[in-house]
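For ligands, and for the atoms within them, numbers begin at 1 and follow the listed sequence.
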Amino acid sequence: MISFKGKGVYGAVAIGSVCVFKRGDAQVRRTHVEDIRAEFERFEAAKELAVAQLGEIYEKALKEVGETHAQIFEVHMMMLEDDDYNESIANLIETQSVNAEYAVASTADNFAAMFAAMDDAYMQARAADVKDISNRLIACLTDPDAKSAESGGDKMIVCADDLAPSETVSLDKDRVLAFVTAFGSSNSHTAILARNMNIPAVISVGEDFLKSIKDGDKIIVDGHTGEIIVSPDADTEAKYCKKQAEDKRKKELLQELKGKDNVTLDGTRVNIYANIGGIDGIGAVLANDAGGIGLFRSEFLYLESEDYPTEEEQFIAYRKVLESMAGKTVIIRTLDIGADKQIDYFKLDKEDNPALGFRAIRICLTRPEIFRTQLRALYRASAYGKLGIMFPMITSVSEVERILAICEGIKAELKGEGIPFDENVEVGIMIETPAAAVISDLLAPLVDFFSVGTNDLTQYTLACDRQNAKLEPFCDTHHEAILRLIEMSAQNAHKHGAWIGICGELAADTTLTEKFLRMGIDELSVSAPFVLPLRDTVRKLDLK
Ligand code: PEP
Ligand code: MG
């Protein structure tokens, strides 16, 4: 048994098996092979392994979830033996002298496209299955000894040096029991994603941790204390099982707060909204009874895509969110990439100081075609619910004036085309630079609301790169400078008839809730699992 200590970013306990995150090539490379026969043999061996893995998963699923749910693994085994599929792979290897991985990947693309184009919904759904079995085959080809993330059907604890937001979003959330990273900082987007995903996560555990684990090791992750225990003894495991049960009981108690008001003992009300990174977050928003969505990080639509999402694709996504929230407020933040959120197809230059660089609104104002596509999609979607649009990384009045002029242009355009939209969409800006907070008296008259992004506000006020784990000791999120900037922004917002919310991670810090309410903060937007604990805190406060 060995212990490590990191920083817990989502308080819950997980006990399970390690899956060391492998940063494989996302793209399968095409290589020329001389020995076609040997390549066939590699392919046959990988197929045998994939079928055996699926057989094990089928047996386990049969015992644990019953025949109906287990059947899909039987279907996958049959698909792996399908003649057309196998012939296509063999053909490619033979006629083009390519490696088996490439032959599998390109067959998968062709078959998936063919299924997706069929009229029958059942057949369309097979596109995902053919991708799934092909990914398994490729994994068996590239690393036949590796344990797959779902081996044995168990959820795994993903352990990595660090995870980029794009890597985190690409993980199959249903199979992740917890995250542990050797590096990383608590305001990083990976930590934020872990909170949103409602799973225990510990970051900054140190390099030695990775040297002490291997796939399949049993570990305990305590997201409350940041403790990690590798190969726990029976007593320790029992202690943590008890802690898990207590967490469960507390969670159940919080369920009783569903449907109750966010009101203090003296009658002060606050809106408690939730933050999401994509459509799949809506379930958690509704399950946790959030009053709305205070921050939809729209860049995740771009991160999950292989090319710029079209106006139509974005419109469908935004409309879905608005319709799912059935008239409750949904605040969608326009594209915020750059810094730690890099997207290949944007082809952004490498920068020495990316956090102080070309990101967010700076990209949108420089490349208006991208911005306009998103704004058209947003305004079109506004006809289907209660939309607010907000803009990140604002530092000046002129930026806001330029943005508002573009919005007016889009509205006029839609009107001219006879496309419906809501004339009363609220427009707001994020207060996440000290500059924006300091000139909040000049910005407030221009907008309907402010939303304080404390993650970046902390980074820029304290000059602490939020990605740099070494700076954690210097990154005092309760620093008086930050609190004063928030208070100043609140006063200026109210003076000019705007409302103010906080959507950074600090909104969920219940030790500050009283302070925020005394400042007059109107809305707190937090990761969905924090909605009910925050409601609990609010309802126990007395501001008299
Ligand atoms: C923030 O900076 O506080 C914020 C909410 O935006 P993000 O974390 O996505 O940068
Ligand atoms: Mg930010």
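Of the listed residues (Asp349, Asp456, Asp340), just one forms a salt bridge (charged side-chain N to carboxylate O under 4.0 Å, His left out) with Arg359, and that residue is Asp456.
The OG1 atom of Thr334 sits 7.0 Å away from the CD1 atom of Ile403 when rounded to the nearest 0.5 Å.
Inspection of the environment of the Mg ion (ligand 2) yields the following protein N, O or S atoms under 2.8 Å: Glu432 OE1, Asp456 OD2.
Judged purely by distance below 3.5 Å, without hydrogens or angles, the side chains of Gln314 and Tyr302 pair a donor atom with an acceptor atom.
With respect to Asp247 and Lys243, no salt bridge is recorded, no charged nitrogen being found less than 4.0 Å from a carboxylate O. With respect to Arg269 and Asp261, a salt bridge is recorded, a charged nitrogen being found less than 4.0 Å from a carboxylate O.
In the displayed structure, Lys248 atom NZ is contacted under 6.0 Å by at most 12 heavy atoms of other residues, nucleotides or ligands.
A donor-acceptor pair under 3.5 Å is absent between the side-chain atoms of Asn262 and the main chain of Asn271, judged by distance alone. In terms of modelled atom types and a separation under 3.5 Å, the side chain of Gln342 and the main chain of Ala339 share a donor-acceptor contact.
The aromatic ring centres of Tyr379 and Tyr318 sit 6.0 Å or more apart.
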Under 3.5 Å: N or O atoms of ligand 1 paired with protein N or O:
residue  : atom   : partner : partner atom : Å
ligand 1 : 2 (O)  : Glu432  : OE1          : 3.0
ligand 1 : 2 (O)  : Asp456  : N            : 3.0
ligand 1 : 2 (O)  : Asp456  : OD2          : 3.0
ligand 1 : 3 (O)  : Gly453  : O            : 3.3
ligand 1 : 3 (O)  : Thr454  : N            : 3.0
ligand 1 : 3 (O)  : Asn455  : N            : 2.7
ligand 1 : 3 (O)  : Asn455  : ND2          : 3.1
ligand 1 : 6 (O)  : Arg333  : NH1          : 2.8
ligand 1 : 8 (O)  : His189  : NE2          : 3.3
ligand 1 : 8 (O)  : Arg297  : NH2          : 2.9
ligand 1 : 8 (O)  : Asn455  : ND2          : 2.9
ligand 1 : 8 (O)  : Arg466  : NH2          : 2.8
ligand 1 : 9 (O)  : His189  : NE2          : 2.9
ligand 1 : 9 (O)  : Arg297  : NE           : 2.7
ligand 1 : 9 (O)  : Arg297  : NH2          : 3.4
ligand 1 : 9 (O)  : Arg333  : NH1          : 3.1
ligand 1 : 9 (O)  : Arg333  : NH2          : 2.8
ligand 1 : 10 (O) : His189  : NE2          : 3.4
ligand 1 : 10 (O) : Asp456  : OD2          : 3.0
ligand 1 : 10 (O) : Arg466  : NH1          : 2.8

